[in-house]
Amino acid sequence: MDIFYKDECFIPEALTDREQWFKNNFLLGILRDDELEKYPAPYKMGEQEFFDRPYDVSVVRHERYAPPFFHEHEFIEMIYVFQGHCTNEIAGKKVEMSLGDVCLIAPGARHALEVFDDETIVLNYLIRTSTFENSFFSILSSGSILADFFRNIFYGEGGNAYLLFSTGQDPELRYYLARICQESQKTGTDKNNMMNTLLTLFFLTLMRGHRDHVILPEEDGEDDVHPVRLLEYMQENFRTASLKEMAGHFHYSERHMKRMIVKYTGRSFSENILRIRMSQAAELLERTRLSVEAVALRVGYGEPSGFRQAFRKFYGKTPSQFRQEQ
């Protein structure tokens with residue numbers, strides 16, 4: 001496909017001493033970190049500049065040998081290393097990316113990408129924020145602690161401002177990204193719907209196969225278990241799980257398990273379990289005709305009175321009142 005292999009090098013092909021060319025190029029001096037203080041803020045890219053109505057996704061091949069250009073944008077940028085490797089500096093952190101890596105960059109995150117060899121192919125997928133919300137976070141139920149975990153990493157205050165997944169040469173992911181590229185070069189009334197559908201399928205495949213491959217830059221090396229596996233365990237076993245049981249399952253002490261849960265969620269084990277139960281209960285009350293007693297049993301409460309009390313404290317209304325308002 002042309003967008004994958006068409007050579008779009010920034011410098012003329014006739015030049016052989018590329019390193020010297022860059023040393024002499026004034027653009028590189030302007031954009032160095034030690035020169036950035038001359039500028040009040042990095043260049044900000046708005047959605048109107050990069051998206052023509054009614055399209056929500058745009059695909060751009062990143063130029064090789066272009067000086068690193070620090071910028072921010074209002075939309076989501078997804079960087080995929082189709083071949084080779086590159087350096088991505090995001091919010092002051094240098095992130096090395098290699099074959100198959102997927103990096104989602106949050107709006108407002110200052111970053112620049114460097115591609116300085118002949119073989120690397122990097123594709124930038126520009127996605128409207130509303131489209132990303134519908135395609136990515138809709139995959140995870142809104143009340144799940146997994147959704148909270150990824151949202152806090154991506155958008156949260158003090159978060160990383162990006163999500164980095166190591167996917168290798170996953171053929172399904174490469175297929176969906178290639179199809180999005182193909183669609184981006186077409187015209188027609190169904191183009192936007194097709195690209196959005198393919199994007200959702202891509203994120204669904206990514207999260208199903210690689211959500212516990214998300215790379216956390218601030219990992220301290222003390223934990224052998226990926227945090228996503230811990231959260232998945234709580235999400236799947238919320239009806240019966242206890243801190244003691246969970247610690248035993250992952251071969252940690254209760255004290256260490258308690259510390260890990262707070263570290264990755266900002267809440268205690270019991271607070272997380274309560275949030276999952278209440279979210280599940282609200283969904284059952286809204287979407288089914290199960291009795292309040294049956295809902296209580298479904299979410300792990302042996303006594304309906306205990307469920308009613310917990311629900312009212314959490315939502316400020318009884319289960320019956322909640323159902324009537326929906």
Side-chain angles (χ1 to χ4, degrees), residues 102 104 136-156 158-160 162-168 170 172-173 203-288 290 294-303 306-307 310-311 313-315:
V102 176
L104 292 160
F136 185 82
F137 283 108
S138 64
I139 294 168
L140 302 168
S141 60
S142 59
S144 76
I145 54 176
L146 276 174
D148 290 344
F149 172 73
F150 282 106
R151 193 178 292 277
N152 287 338
I153 292 177
F154 200 52
Y155 292 130
N160 298 321
Y162 66 95
L163 294 172
L164 177 63
F165 296 86
S166 178
T167 72
D170 187 311
E172 283 190 274
L173 296 180
F203 284 136
L204 183 60
T205 304
L206 176 70
M207 295 304 288
R208 182 175 64 180
H210 301 280
R211 62 187 179 192
D212 57 351
H213 298 159
V214 63
I215 299 170
L216 305 177
E218 301 303 326
E219 289 181 302
D220 53 23
E222 296 180 3
D223 304 325
D224 298 325
V225 180
H226 195 283
V228 170
R229 291 183 57 198
L230 302 179
L231 304 184
E232 285 176 337
Y233 184 88
M234 283 193 286
Q235 191 74 48
E236 293 168 3
N237 299 279
F238 69 91
R239 296 174 184 85
T240 59
S242 67
L243 181 63
K244 181 178 180 180
E245 178 190 18
M246 186 173 174
H249 179 81
F250 289 105
H251 307 291
Y252 288 127
S253 68
E254 288 186 51
R255 181 179 179 182
H256 186 68
M257 179 58 67
K258 185 185 299 184
R259 183 192 67 80
M260 289 177 67
I261 292 171
V262 173
K263 172 184 175 182
Y264 293 121
T265 69
R267 303 184 185 94
S268 68
F269 173 82
S270 59
E271 288 172 331
N272 278 297
I273 293 298
L274 177 64
R275 286 175 64 84
I276 299 171
R277 286 180 171 179
M278 293 299 102
S279 174
Q280 293 288 323
E283 187 172 347
L284 289 171
L285 289 168
E286 182 178 356
R287 299 187 180 183
T288 75
L290 290 172
V295 171
L297 289 172
R298 288 279 189 97
V299 299
Y301 285 88
E303 295 293 332
F307 166 67
F311 192 94
K313 185 176 180 180
F314 193 86
Y315 286 108

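What you see is a predicted model; the values in this text were computed from it and never measured.
- A heavy-atom distance below 4.5 Å is not found between the side chains of Arg267 and Val262.
- In this structure, Met234 and Phe269 have side chains that are in contact, with non-hydrogen atoms separated by less than 4.5 Å.
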Query raised in the report: So Val299 and Phe238, side-chain contact (heavy atoms from CB on, under 4.5 Å) or not? Walk me through it.
Result: CA-CA 8 Å; Val299 299; Phe238 69 91; 4.2 Å; yes

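- Scanning both residues, Ala310 and Leu274, for their nearest heavy atoms gives CB-CD1, 4.5 Å.
- Within the 4.5 Å cutoff, side-chain heavy atoms of Ile261 are placed close to those of Met246.
- The salt bridge (Lys or Arg N to Asp or Glu O under 4.0 Å) pairs that include a residue from residues 226-241 are Arg211-Glu232, where partners are two or more places apart or lie in different chains.
- Side-chain contact between Tyr233 and Glu245 is present, with heavy atoms from C-beta onward closer than 4.5 Å.
- Around atom CD of Glu303, no more than 12 heavy atoms belonging to other residues, nucleotides or ligands sit under 6.0 Å away.
- Relative orientation of the Phe150 and Phe165 rings is parallel, given thresholds of 30° and 60° on the angle between their planes.
- Distance check: Leu173 CG to Thr205 OG1 gives 6.0 Å after rounding to the nearest 0.5 Å.
- Counting only heavy atoms from C-beta outward, the side chains of Leu146 and Met207 never approach each other to under 4.5 Å.
- Taking CG of Leu230 as the start and CZ of Phe149 as the end, the distance is 9.0 Å to the nearest 0.5 Å.
- A distance of 8.0 Å separates CD1 of Ile215 from NE2 of His226, quoted to the nearest 0.5 Å.
- To the nearest 0.5 Å, atoms CZ (Arg275) and CD (Gln235) are separated by 11.0 Å.
- Side chain of Tyr252 to main chain of Met260: no donor-acceptor pair is present (N/O by atom type, distance under 3.5 Å, no hydrogens or angles).
- Of all non-hydrogen atoms in Asp170 and His210, the two that sit nearest each other are OD2-NE2, 2.7 Å.
- Counting heavy-atom neighbours within 6.0 Å of Arg298 CZ, excluding the residue itself, gives a total of 12 or less.
- Side chains of Val214 and Leu164 form no contact here, defined as non-hydrogen atoms less than 4.5 Å apart.
- Atom CD of Glu254 sits about 7.5 Å away from atom OG of Ser242, to the nearest 0.5 Å.
- With a 4.5 Å cut-off on side-chain heavy atoms, Leu297 and Phe307 do not count as touching.
- Rounding to the nearest 0.5 Å gives a distance of 3.5 Å between OG of Ser268 and CD of Glu271.
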Requested in this report: Output, in order, the C-alpha distance, side-chain angles, deciding distance and verdict of side-chain contact (heavy atoms from CB on, under 4.5 Å) for Arg277 and Tyr301.
Outcome: CA-CA 9 Å; Arg277 286 180 171 179; Tyr301 285 88; 3.7 Å; yes

Requested in this report: Could you check Glu283 against Thr288 for side-chain contact (heavy atoms from CB on, under 4.5 Å), going step by step and ending with a plain yes or no?
Outcome: CA-CA 8 Å; Glu283 187 172 347; Thr288 75; over 6 Å; no

